[in-house]
Amino acid sequence: DLANVLVVLMDLSTFLVLFIVFPYVFQPVLETALSPSLPAAATTENHVVICGTPRLTDRLVDDLTTRDIGIVVVTDSEEAAIQLQDDGVTGIYGSPTNADTLRRAGVDRARAVVADTGDERAASVVLAVREVDPAVRTVAVVDHRDHEAQLSHAGADSVLTPRQLLGRRIAERVGRQLDPDRSDSIDLGDETGLLELSVSPESRLAGTRVDEIETDEVAVVGHWIDGAFAGAPDGDTVVDPKTELLLAGPKQPLAALEADSCTAVTDPTVLLAGHGIVGSTIRETLQTAGIECRVIDTEDSPAVDVVGDATTPETLQRAGIADVAAFVVALDDDDATVLSVLAADESPGEADVIARMNDPDTESNIRRAGAEYVLGVPTISGRLLVGDVLQEPVIGADRQIRTVRVDAAAYAGKSLAATPFPETECVVVGVERDGTVAIDPAEAFQLRRDDTLIVVGPDAAVGDVS
């Protein structure tokens with residue numbers, strides 16, 4: 001009858017709406033309306049364009065944000081572009097090797113462009129940038145130096161290789177810890193230096209008080225506690241073996257302290273865990289310097305001496321950790337690095353432990369595990385990029401702690417105590433005035449307009465004040 005027909009028609013119409021009309025008509029409309037919208041083009045000027053989802057440029061993003069400099073990231077991942085928008089960074093969805101995409105990113109109005117796409121695509125990005133704007137400063141961040149000439153020929157103003165720089169820096173650090181005639185201090189000008197000093201158990205400094213180390217010329221301006229930089233210690237603080245200190249003063253007295261803390265070893269051997277880009281660079285640099293290097297890796301190759309898992313004491317002992325002067329961990333995974341450092345701590349021997357980190361958030365854990373010296377790719381790449389992109393001088397980009405010069409004009413007539421620095425994690429280690437550097441100035445030190453402050457601290461903290 002008619003009622004049954006109506007019921008059937010209602011059921012059929014409900015079926016059509018739920019399973020045909022809604023999925024194919026209304027749902028796409030709703031998804032489009034509710035999904036985050038990506039900008040078709042950037043509207044900023046004098047900004048920095050980063051091509052590629054940031055791998056090694058996170059520190060640069062943080063520094064630019066602190067300075068209110070606009071950032072536009074070009075990525076061919078829609079998901080990454082949406083996440084960038086959620087994080088408050090302008091994301092342009094499209095290929096970073098495409099000139100039209102770069103025009104939408106405002107490359108022709110940018111102060112600089114950074115190619116962070118990996119080695120394979122870097123040259124294509126640089127060529128596309130040059131098609132849009134032949135003059136904009138362009139920096140390529142790559143893993144290998146093999147293609148540096150081609151990238152420069154393509155138009156890159158600067159080619160940075162942070163992983164290889166890290167490998168060379170770690171190798172230099174190892175060599176200087178083993179050789180009393182080498183110095184590892186940073187030049188601050190006026191024959192003044194800044195030194196990160198690892199106190200070995202054999203050093204005469206081990207067990208002494210900070211005020212016994214300090215002199216009229218040399219000041220202990222910082223140290224590390226539980227893996228974190230903690231500023232200047234109190235004078236009655238006892239320096240335990242394997243403590244890391246930050247000292248400032250004339251270069252000659254600093255060199256004498258280095259020599260006292262050096263682990264002088266005849267024909268030293270270094271044990272190296274990991275033989276990737278960083279590890280192979282460490283091995284090559286050490287061998288060039290005449291230092292024997294024994295390599296552990298999970299994959300066999302002509303350069304690998306021991307095939308095994310470097311996170312276990314058994315492998316380290318099989319590799320002879322008991323008789324090496326230093327143990328360097330250059331693994332790609334920070335959790336594995338922590339395990340490897342702990343395994344070294346459980347093993348016989350007194351090797352200095354130096355470790356690579358991949359994520360700055362893991363530095364304190366790696367230090368707590370027992371590493372005396374920790375340095376990472378993000379740290380070096382961030383500092384180098386900030387200096388290169390903003391055309392600012394970089395001081396000791398390859399050190400654990402960041403050092404910058406800050407114009408004191410904004411604080412003229414004030415004492416150091418009245419500036420923002422005492423309330424931060426940063427330390428003013430010196431004041432440059434009329435060509436001379438006053439080390440470890442007191443809080444009552446009165447600043448002048450033409451003074452320059454030398455400030456050290458963790459990267460994020462220094463970025464906030466510089």
Side-chain angles (χ1 to χ4, degrees), residues 48-67 69 71 73-75 80 84 89 96 112-122 125-126 137-148 151-152 156-173 186 274 276-282 285 330-334 337 355-363 366 373-404 457-463 466:
V48 174
V49 177
I50 298 174
C51 295
T53 304
R55 306 174 308 140
L56 302 175
T57 50
D58 286 343
R59 181 70 257 155
L60 174 64
V61 171
D62 292 342
D63 264 45
L64 295 176
T65 301
T66 299
R67 302 182 192 209
I69 296 174
I71 306 162
V73 178
V74 179
T75 174
L84 287 163
V89 177
V113 179
V114 178
D116 187 18
T117 55
D119 293 37
E120 295 80 7
R121 304 178 71 189
V125 171
V126 173
R137 182 165 186 78
T138 304
V139 182
V141 185
V142 294
D143 291 330
H144 301 87
R145 300 189 67 89
D146 300 350
H147 302 128
E148 183 176 6
L151 287 166
S152 297
D157 296 292
S158 178
V159 180
L160 303 181
T161 55
R163 284 186 171 84
Q164 291 192 325
L165 288 172
L166 173 63
R168 285 198 293 274
R169 168 59 193 158
I170 290 176
E172 289 171 1
R173 176 71 181 190
I186 301 171
I277 296 170
V278 176
S280 60
T281 304
I282 294 170
T285 307
L331 302 175
D332 292 331
D333 181 85
D334 287 346
T337 296
R356 160 200 178 174
M357 69 174 174
N358 302 283
D359 181 350
D361 291 339
T362 65
E363 179 180 357
I366 295 172
Y373 193 87
V374 182
L375 194 61
V377 173
T379 303
I380 289 182
S381 60
R383 294 172 188 170
L384 291 174
L385 279 168
V386 169
D388 204 319
V389 167
L390 301 181
Q391 291 293 275
E392 296 177 348
V394 179
I395 307 171
D398 56 0
R399 297 307 198 266
Q400 297 179 104
I401 206 75
R402 185 175 176 184
T403 306
V404 296
D459 281 77
V462 170
S466 61

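All of these numbers come straight from a predicted model, not from anything done at the bench.
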Checklist entry - Quick one: does Arg356's side chain get under 4.5 Å of Ile170's, heavy atoms only? => result yes
Next on the checklist: Testing the basics here: between Thr281 and Thr285, what is the closest heavy-atom pair and its distance to 0.1 Å?
Outcome noted: O-OG1, 2.7 Å
Next on the checklist: Test: salt bridge (charged side-chain N to carboxylate O under 4.0 Å, His left out). Region: residues 380-391. Which pairs qualify, not counting sequence neighbours?
Outcome noted: Arg137-Asp388, Arg383-Asp459
Checklist entry - At their closest point, which heavy atom of Ile282 faces which heavy atom of Ala171, and how far apart are they? => result O-CB, 3.9 Å
Next on the checklist: Which heavy atom of Pro96 sits nearest to which heavy atom of Thr117, and what is that distance?
Outcome noted: CG-CG2, 4.1 Å
Checklist entry - Pick one: which of Val377, Val374, Leu166 meets side chain to side chain contact (heavy atoms under 4.5 Å, CB included) with Met357? => result Val374
Checklist entry - Which is it for Leu384 and Leu165 under the side chain to side chain contact (heavy atoms under 4.5 Å, CB included) test, yes or no, and what are the steps along the way? => result CA-CA 10 Å; Leu384 291 174; Leu165 288 172; 3.2 Å; yes
Checklist entry - With sequence neighbours excluded, what pairs up with Ala460 under the side-chain contact (heavy atoms from CB on, under 4.5 Å) test? => result Arg59
Item to check | Sole candidate of Asp116, Val125, Thr75, Val126 that passes side chain to side chain contact (heavy atoms under 4.5 Å, CB included) when paired with Cys51 | outcome: Val125
Next on the checklist: Nearest 0.5 angstrom please: Leu385 CG to Ile380 CD1, how far?
Outcome noted: 11.5 Å
Item to check | Nearest heavy atoms of Val404 and Arg402, plus distance in Å | outcome: CG1-NE, 3.9 Å
Checklist outcome for this item: The reported gap from OG in Ser152 to NE2 in His147 (rounded to nearest 0.5 angstrom) is 12.5 Å
Item to check | Distance, nearest 0.5 Å, that separates CD of Gln400 from CZ of Arg173 | outcome: 6.5 Å
Checklist entry - From Ile186 CD1 over to Asp398 CG, what is the distance, rounded to the nearest 0.5 angstrom? => result 7.5 Å
Checklist entry - Side chains of Leu390 and Arg67: closer than 4.5 Å at any heavy-atom pair? => result yes
Item to check | Donor + acceptor pair across side chains of Thr161, Arg145 (<3.5 Å) | outcome: yes
Checklist entry - Under 3.5 Å, is there a donor-acceptor pair between the side chain of Arg163 and the main chain of Ile277? => result no
Checklist entry - Heavy atoms, side chains only, cut-off 4.5 Å: are Asp333 and Leu331 in contact? => result no
Checklist entry - So, for Ile71 and Val61, which heavy atoms are closest and what is the spacing to 0.1 Å? => result CD1-O, 3.5 Å
Checklist entry - Taking only residues two or more places apart in sequence, or in another chain, which ones meet Thr362 in a side-chain hydrogen bond (donor to acceptor under 3.5 Å, both in side chains)? => result Asp334
Item to check | N/O donor-acceptor pair under 3.5 Å between Asp157 side chain and Thr138 backbone | outcome: yes
Item to check | Side-chain heavy-atom pair Ser381, Leu160 within 4.5 angstrom cut-off | outcome: no
Item to check | Heavy-atom pair of closest approach, residues Ile401 and Pro458 | outcome: CD1-N, 3.9 Å
